[in-house]
Amino acid sequence: MVMDLNADLGEDFGVWRLGDSLALLDIITSANVACGFHAGDPLTIRRTCAAAVDRGVSIGAQVSYHDLAHFGRREMDLEPEELCAEVLYQLAAVDGIARAMGGRVSYVKPHGALYNRICRDPEQAAAVVEAVAQYDSSLPVLTLPGSVVHAVAAEAGVTTVCEAFADRAYTPRGTLVPRREPGAVIHEPAAVSARALQMAVKGSVTAIDGSLVPVAARSICVHGDTPDAVRLARAVRDDLLAAGVSLRAFA
């Protein structure tokens, strides 16, 4: 059993601090680095990429809507060409800084509202995939199992990788419970690590109605902006290793 453990990092912006990226980099195998559109800034990107390279952690570009005010969690209706250009801009920026630090972007993971939107919207999914294909078609895109991104990316020759969320509640359809609903985010370390084990070992997750939902994931995410994210990620890592699951980046 082999699993990747990813987290959202580099979300500091100016004087604002969010999460502990350096501590998480000692735990995870893949870092989703904010590109400056929902969070992050050039200095934060540089420091996060440098620290990831030092620790041998895979770097991913966490592209998003241009929405600093709402942390990228507000859906936007953009023309496909504009969305493609914005994703391309973010990807090129983070990859350029990562290369200057001795690394490179190895995958792409959309953030927040964009992530959820392209799971069901073929037009916006195609715009994101087009940006990836134009920049480097070898870069895989992280998405949910059952997402429309899989089919769209396959047509463009772009690889997709399935992920699951240890600290998020699921609907019976296999989608994430919207954050505005009670219980959407799980904060108890024991519960989060138990869900990660279920995902990694059994390939399933228990939905909010008690039903089992299949999640054939290669990567498990723990959000970096969740309170006690470091403690949650460490609990997940420790329990996965104790169960015989090897932790290795997918990209």
Side-chain angles (χ1 to χ4, degrees), residues 6-25 28 30-55 57-119 124-125 127-136 139-143 149 158 163 179 219 221-226 229 251:
N6 78 78
D8 306 341
L9 303 181
E11 293 178 325
D12 295 345
F13 179 73
V15 299
W16 305 103
R17 298 289 176 261
L18 184 62
D20 190 340
S21 294
L22 294 182
L24 282 168
L25 282 169
I28 62 174
S30 295
N32 316 317
V33 180
C35 303
F37 270 35
H38 77 277
D41 56 32
L43 178 58
T44 301
I45 294 170
R46 184 181 189 277
R47 288 175 173 171
T48 305
C49 287
V53 171
D54 287 345
R55 291 160 173 79
V57 175
S58 181
I59 298 172
Q62 189 165 43
V63 299
S64 71
Y65 290 125
H66 201 175
D67 182 27
L68 279 173
H70 291 265
F71 198 63
R73 289 179 176 155
R74 175 176 54 180
E75 279 200 9
M76 295 184 172
D77 290 319
L78 302 178
E79 291 297 323
E81 184 180 11
E82 182 179 4
L83 180 57
C84 177
E86 290 195 350
V87 171
L88 184 60
Y89 179 94
Q90 295 173 77
L91 175 54
V94 173
D95 188 44
I97 294 176
R99 289 177 184 273
M101 297 299 102
R104 61 182 287 268
V105 164
S106 299
Y107 65 95
V108 177
K109 177 179 174 176
H111 166 80
L114 180 60
Y115 185 99
N116 292 323
R117 177 70 174 267
I118 67 173
C119 283
Q124 289 209 0
V128 172
V129 168
E130 182 182 358
V132 176
Q134 288 178 351
Y135 188 78
D136 183 349
L139 296 178
V141 178
L142 265 182
T143 188
V149 178
V158 173
E163 73 169 333
R179 282 181 174 267
S219 184
C221 177
V222 177
H223 285 87
D225 64 310
T226 301

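Side chains are part of it too, since the values below use all heavy atoms of this structure and drop only hydrogens, waters and symmetry mates.
- Expressed to the nearest 0.5 Å, how far CG of Leu114 lies from CG of Leu83 amounts to 6.0 Å.
- Considering only heavy atoms from C-beta on, Val158 stays 4.5 Å or farther from Pro140 through its side chain.
- If you run side chain to side chain donor-acceptor pair (under 3.5 Å) between Glu11 and each of His223, Arg17, His38, only His38 comes through.
- Here the OG atom belonging to Ser58 is positioned 8.5 Å from the CZ atom belonging to Arg104, to the nearest 0.5 angstrom.
- Using a 4.5 Å heavy-atom threshold, the side chains of Asp67 and Phe37 count as separate.
- The side-chain hydrogen bond (donor to acceptor under 3.5 Å, both in side chains) analysis of residues 85-100, with sequence neighbours excluded, yields the pairs Asp95-Arg99, Asp95-Tyr135.
- Proximity of Leu91 to Val108: side-chain heavy atoms (C-beta onward) are separated by under 4.5 Å at one or more points.
- A donor-acceptor pair is defined here as one N or O able to donate and one able to accept, closer than 3.5 Å; such a pair exists between the side chain of Ser21 and the backbone of Gly10.
- For Pro42 against Ile97, the heavy-atom pair with the smallest separation is O-CD1, 4.2 Å.
- Side-chain atoms of Tyr115 and Glu163, non-hydrogen and from C-beta on, do get closer than 4.5 Å to each other.
- To the nearest 0.5 Å, atom CD1 of residue Ile28 and atom CG of residue Asp8 are 9.0 Å apart.
- Atom-to-atom distance recorded for Cys221:SG and Leu142:CG is 8.5 Å, nearest 0.5 angstrom.
- Among all heavy-atom pairs drawn from Ala131 and Cys84, the shortest one is CB-O, 3.4 Å.
- Residue His111 holds its NE2 atom at 5.5 Å from CD of Gln62, rounded to the nearest 0.5 Å.
- The closest side-chain heavy-atom distance from Leu9 to Asn32 is not below 4.5 Å.
- For Asp12 (side chain) and Leu18 (main-chain N/O), a donor-acceptor pair under 3.5 Å exists by modelled atom type.
- The two atoms that bring Met76 and Tyr65 nearest to each other are O-OH, 3.4 Å, heavy atoms only.
- Between the side chain of Asn6 and the main chain of Ala31, no donor-acceptor pair closer than 3.5 Å is present.
- Side-chain contact between Ile59 and Tyr107 is absent, with no heavy atoms from C-beta onward closer than 4.5 Å.
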Report all side-chain donor-acceptor pairs from residues 43-52 shorter than 3.5 Å, counting only partners two or more places apart or in another chain.
unit_1: Thr44; atom_1: OG1; unit_2: Asp41; atom_2: OD1; d: 2.7
unit_1: Thr48; atom_1: OG1; unit_2: Thr44; atom_2: O; d: 2.7

Legend entry - Worked verdict on Thr143 versus Ile118 for side chain to side chain contact (heavy atoms under 4.5 Å, CB included): CA-CA 9 Å; Thr143 188; Ile118 67 173; 5.5 Å; no
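- Of the inter-residue distances, the one linking Gln124 atom CD with Asp77 atom CG reads 6.5 Å to the nearest 0.5 angstrom.
- Looking at residues two or more places apart in sequence or on another chain, you find a salt bridge (Lys or Arg N to Asp or Glu O under 4.0 Å) between Arg55 and Asp26.
- Residues Val141 and Pro110 have side chains in contact (heavy-atom distance under 4.5 Å, counting atoms from C-beta outward).
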